[in-house]
Number of protein chains: 2
Amino acid sequence: MTPQPGSAGDVLTLISAGSATTRSDLARLTGLARSTISQRVDALIERGLVEETESGESTGGRPPRQLRLHTEDHAFAGVDLGATHCRVALMDISGDVLAECEDSLLIGEGPDTVLAHVDQRLDQLLGEAGRPRSALRAMGIGVPGPVEFATGRPNNPPIMPGWNDYPVPEFFEGVSVLVDNDVNVMALGEHRNAFAGTSHLLFVKVGTGIGCGIVAEGKLHRGAQGSAGDIGHIRVSGHEDAGCRCGNSACLEAVAGGAAIARRLTELGLPAESGGDVVALVQAGNTQALRLVREAGRLIGEVLASLVNFFNPEVIVVGGALSRVHEHLLAGIRETVYRRSLPLATHHLSITPSRTGINAAALGAGILAIEHYLSPDNINRIVNA
Amino acid sequence: MTPQPGSAGDVLTLISAGSATTRSDLARLTGLARSTISQRVDALIERGLVEETESGESTGGRPPRQLRLHTEDHAFAGVDLGATHCRVALMDISGDVLAECEDSLLIGEGPDTVLAHVDQRLDQLLGEAGRPRSALRAMGIGVPGPVEFATGRPNNPPIMPGWNDYPVPEFFEGVSVLVDNDVNVMALGEHRNAFAGTSHLLFVKVGTGIGCGIVAEGKLHRGAQGSAGDIGHIRVSGHEDAGCRCGNSACLEAVAGGAAIARRLTELGLPAESGGDVVALVQAGNTQALRLVREAGRLIGEVLASLVNFFNPEVIVVGGALSRVHEHLLAGIRETVYRRSLPLATHHLSITPSRTGINAAALGAGILAIEHYLSPDNINRIVNA
DNA sequence: TGAACTTCCGCCGAAGGTCGAACAAAGCCG
DNA sequence: CGGCTTTGTTCGACCTTCGGCGGAAGTTCA
């Protein structure tokens with residue numbers, strides 16, 4: 001039995017996380033002998049997973065050879081499917097984007113049409129990046145509805161007609177496919193990209209609807225049925241008259257979602273159809289719209305105040321279409337959360353707008369794929385094969 | 001860093017979890033050779049961690065020698081400190097209770113007095129069980145307030161005067177001491193004792209106050225500041241007049257806690273001081289009390305409905321003093337949760353009374369200690385020493 | 001009852017992995 | 001230019017693990 005763990009997968013994890021860039025670092029961190037580390041690194045280099053760069057800076061002796069992930073030869077894809085759009089990002093193994101694209105695409109056209117479109121875009125992006133199809137190792141897909149993560153099958157999604165129980169991964173041959181809810185992958189993208197130092201994060205997406213992705217101990221929390229984070233249908237007080245498409249009334253989404261704000265603006269004589277119209281009105285300085293957005297922030301804050309007490313996150317990130325006017329939204333959210341949550345939970349809590357922006361979902365989906373590929377178990381399997 | 005699979009610690013984990021009771025089981029589960037397993041088991045036996053029992057049942061050949069945790073020579077303690085009571089359970093390494101006791105004890109007397117009392121009870125219980133003090137390997141303590149788990153220091157607990165930032169573990173020499181919130185240890189006790197098959201569990205304690213312990217992926221979720229699960233101060237709609245000791249109004253605890261129900265009964269001319277009095281009235285068949293308890297269940301259910309959407313647990317366990325009249329409390333909770341939560345989240349959700357009862361906290365605290373001691377890292381350290 | 005069969009467990013030589021010492025490489029410093 | 005420091009590789013010693021073999025301990029069946 002080895003006194004310390006340190007399989008090839010562990011070594012690669014340290015390299016990919018940036019914890020170690022030289023063989024000496026690895027020896028120090030793992031406690032293994034330098035010769036053993038060299039052997040591991042050699043195996044990783046031989047498999048094309050790691051490469052050496054030019055020598056680094058000397059600290060008084062022979063300069064170490066820097067190690068990093070070998071970014072050629074592999075590719076990963078992150079796919080963000082929304083109700084009306086499709087974004088695909090091709091990434092290398094370090095998470096850098098090689099190429100990306102965006103189209104209008106109705107998810108309601110069904111899985112065969114949509115996935116064929118994705119497949120075509122993948123070929124195009126691979127071409128742009130100059131990599132063969134065989135380089136594609138894994139892909140992640142975020143979809144606007146609940147998914148049984150283990151099988152990659154949508155689970156009674158309300159706005160994805162034709163997708164229920166469709167085995168998405170089987171559509172793509174020879175590549176691992178991970179399918180998850182769009183808000184989950186956005187949370188993952190935001191966490192890995194801008195908040196990697198935190199352990200407990202909530203990502204709140206405020207668009208047409210309202211959803212939440214949960215990062216606990218650095219990992220996505222999906223819950224028992226994969227429906228965790230569905231905060232759009234939490235009840236808010238004082239709006240019993242607002243009916244929701246789910247059949248209940250006073251749902252958060254029915255009073256504070258982009259669609260709800262647009263409807264109320266229309267009632268006030270300001271024609272608005274979607275969250276985008278609301279954003280446009282706010283940016284044009286319309287005070288009615290501004291007031292409604294801020295009020296929506298307060299309502300969202302009321303729900304988040306409960307969740308802060310319950311979950312005790314370090315940071316809440318607000319994204320989605322309406323976060324383009326985040327100053328007003330966040331003002332309402334902060335006001336309510338800091339008033340209604342317990343001091344111990346809010347003392348070190350920060351509530352910030354998304355730093356990753358429109359690409360959070362595609363990036364997060366890609367990261368899901370990369371982390372799956374780089375998991376120690378999978379790497380050990382590859383190296384020992 | 002992933003631990004090396006098949007270490008002595010992993011072998012012991014399989015034995016303690018009941019996943020393997022023979023050397024053959026271990027070889028099958030770990031994939032290691034039978035001879036290697038024998039060597040591991042020998043080391044564990046030599047260290048007094050595992051013992052062989054008489055042969056088990058034959059499956060057609062030589063019957064295997066059964067293995068189990070060696071329950072002599074070690075002892076673990078679980079301590080449940082409440083506002084006005086102290087329970088101590090002495091357990092062997094398999095989690096069976098060897099001896100236990102209960103006293104009235106005011107936590108407000110301060111850490112020196114209370115912990116000295118605990119220390120004395122420990123000696124007494126060790127005497128009853130016929131084990132020397134040196135057999136005590138670790139202890140867990142549940143306290144009625146927030147704790148910084150890593151250091152074992154209470155963190156501004158409202159009902160524990162004199163305990164703020166007190167380094168509890170240092171009071172006990174030569175033994176590992178883990179300190180956690182009482183609701184957390186109750187959740188752990190309930191999960192390990194009665195719901196070990198589930199991954200995501202919420203334990204709701206309804207007593208004088210209201211709290212919640214969270215089990216996610218089989219582990220306690222404590223949050224960023226260790227204050228997760230503090231649902232007593234979540235706002236419920238329609239009770240703006242109810243002031244709470246936290247300074248806000250309409251807190252769940254202020255309208256549905258045992259103290260709140262007692263106060264309202266008193267207003268109705270039925271003198272009641274505590275949750276215990278409320279239970280007595282309900283058990284005596286008082287319809288006013290029954291109605292209030294059921295209404296409290298509805299209010300708790302309103303909050304839980306939100307948390308079910310957010311967290312998506314498999315099971316909600318209701319415990320605490322008021323759960324002695326759980327049929328009425330649960331009726332209100334179930335009614336609201338199943339009406340207000342999303343079908344996907346409630347479809348496989350069960351809401352049940354505590355199966356572990358009054359001892360959940362002390363048991364959970366002991367289990368916290370045992371699992372700490374049995375963690376693969378700790379066992380490998382012991383075996384390789 | 002006894003022989004054949006099955007399963008369990010310890011022993012031992014072979015194979016393979018890890019370690020640390022020794023050595024070579026590469027840059028810094030006086 | 002020769003010592004000093006740090007890095008990386010080579011190699012034999014050592015240790016662990018593996019798997020076959022044989023003995024142990026029951027079951028099944030004639």
Side-chain angles (χ1 to χ4, degrees), chain A residues 1-12 14-15 19-47 50-68 376 379-385, chain B residues 1-12 14-15 19-47 50-68 376 379-385:
Chain A
M1 179 178 51
T2 49
Q4 300 246 346
S7 65
D10 289 333
V11 168
L12 189 57
L14 289 168
I15 295 173
S19 312
T21 59
T22 70
R23 290 170 172 81
S24 298
D25 285 349
L26 290 166
R28 214 174 308 117
L29 286 168
T30 61
L32 274 70
R34 289 205 310 279
S35 48
T36 308
I37 289 295
S38 268
Q39 183 204 312
R40 293 278 150 70
V41 171
D42 288 347
L44 289 169
I45 290 176
E46 196 177 341
R47 297 283 170 176
V50 167
E51 64 183 355
E52 290 183 339
T53 67
E54 285 310 297
S55 296
E57 290 168 18
S58 164
T59 58
R62 171 173 173 173
R65 275 181 272 171
Q66 303 273 2
L67 302 172
R68 68 174 178 203
I379 293 299
N380 288 338
R381 204 177 48 73
I382 292 171
V383 171
N384 297 331
Chain B
M1 197 93 81
T2 48
Q4 182 93 350
S7 66
D10 289 341
V11 168
L12 189 56
L14 290 168
I15 295 173
S19 312
T21 59
T22 69
R23 290 171 172 82
S24 298
D25 286 348
L26 290 167
R28 212 174 311 117
L29 287 168
T30 61
L32 298 174
R34 292 175 301 284
S35 47
T36 307
I37 289 295
S38 269
Q39 184 208 313
R40 291 280 198 295
V41 171
D42 287 347
L44 289 169
I45 290 175
E46 198 177 339
R47 296 282 169 177
V50 166
E51 64 182 357
E52 289 183 338
T53 67
E54 284 310 299
S55 298
E57 290 169 17
S58 164
T59 58
R62 171 175 171 171
R65 275 179 275 171
Q66 303 274 0
L67 303 172
R68 67 174 178 203
I379 292 299
N380 288 337
R381 202 176 49 72
I382 292 172
V383 172
N384 296 331

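Excluded from the calculations below are hydrogen atoms, water molecules and symmetry mates; all remaining heavy atoms, backbone and side chain alike, are included.
We find the OG1-CD1 distance between Thr30(B) and Ile37(B) to be 3.5 Å, quoted to the nearest 0.5 Å.
Closest approach of Val383(B) and Ala43(B) over heavy atoms only: CG1-CB, 4.0 Å.
Of all nucleotides listed (dT7(D), dC8(C), dG17(C)), dG17(C) comes nearest to the side chain of Arg40(A).
Proximity of Ile379(A) to Val11(A): side-chain heavy atoms (C-beta onward) are nowhere separated by under 4.5 Å. Arg23(B) places none of its side-chain heavy atoms less than 4.5 Å from the side chain of Arg34(B). Taking the side chain as every heavy atom from C-beta outward, Arg40(A) and Leu32(A) approach each other to under 4.5 Å.
Atom pair Glu52(A):CD and dT9(D):C1' shows a separation of 12 Å (rounding to whole Å applied). The CG atom of Asp42(B) sits 6 Å away from the P atom of dG10(C) (whole-angstrom rounding). When the C1' atom of dT9(D) is taken as reference, atom CZ of Arg23(A) falls 10 Å away, rounded to whole Å. Remark: P of dG10(C) and CG of Leu26(B) are 13 Å apart, rounded to the nearest angstrom. For the pair Ile37(B) CD1 and dG10(C) C1', the interatomic distance rounds to 15 Å; values are reported in whole Å. We find that CG of Asp25(B) is positioned 13 Å from C1' of dT7(C), with the value rounded to whole Å. Regarding Arg28(A), its CZ atom lies at a distance of 14 Å from the C1' atom of dG8(D), rounded to whole Å.
More than 12 non-hydrogen atoms from other residues, nucleotides or ligands lie less than 6.0 angstrom from CZ of Arg47(B).
Between dG10(C) and Arg65(B), a contact under 4.0 Å exists linking OP1 or OP2 to a side-chain N or O. Here Ser38(B) reaches the OP1 or OP2 of dG10(C): one of its side-chain N or O atoms lies under 4.0 Å away. Contact check, Gln39(B) against dT16(D): no side-chain N or O comes under 4.0 Å of OP1 or OP2.
For the side-chain contact (heavy atoms from CB on, under 4.5 Å) with Leu67(A), the lone residue among Val41(A), Thr22(A), Thr21(A), Thr53(A) that qualifies is Val41(A).
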Q | Sequence-aligned protein contact record of nucleotides 19-29 of chain D, with B where the base is within under 4.0 Å of a protein heavy atom and S where only the sugar-phosphate is | A | B---BBBBS--
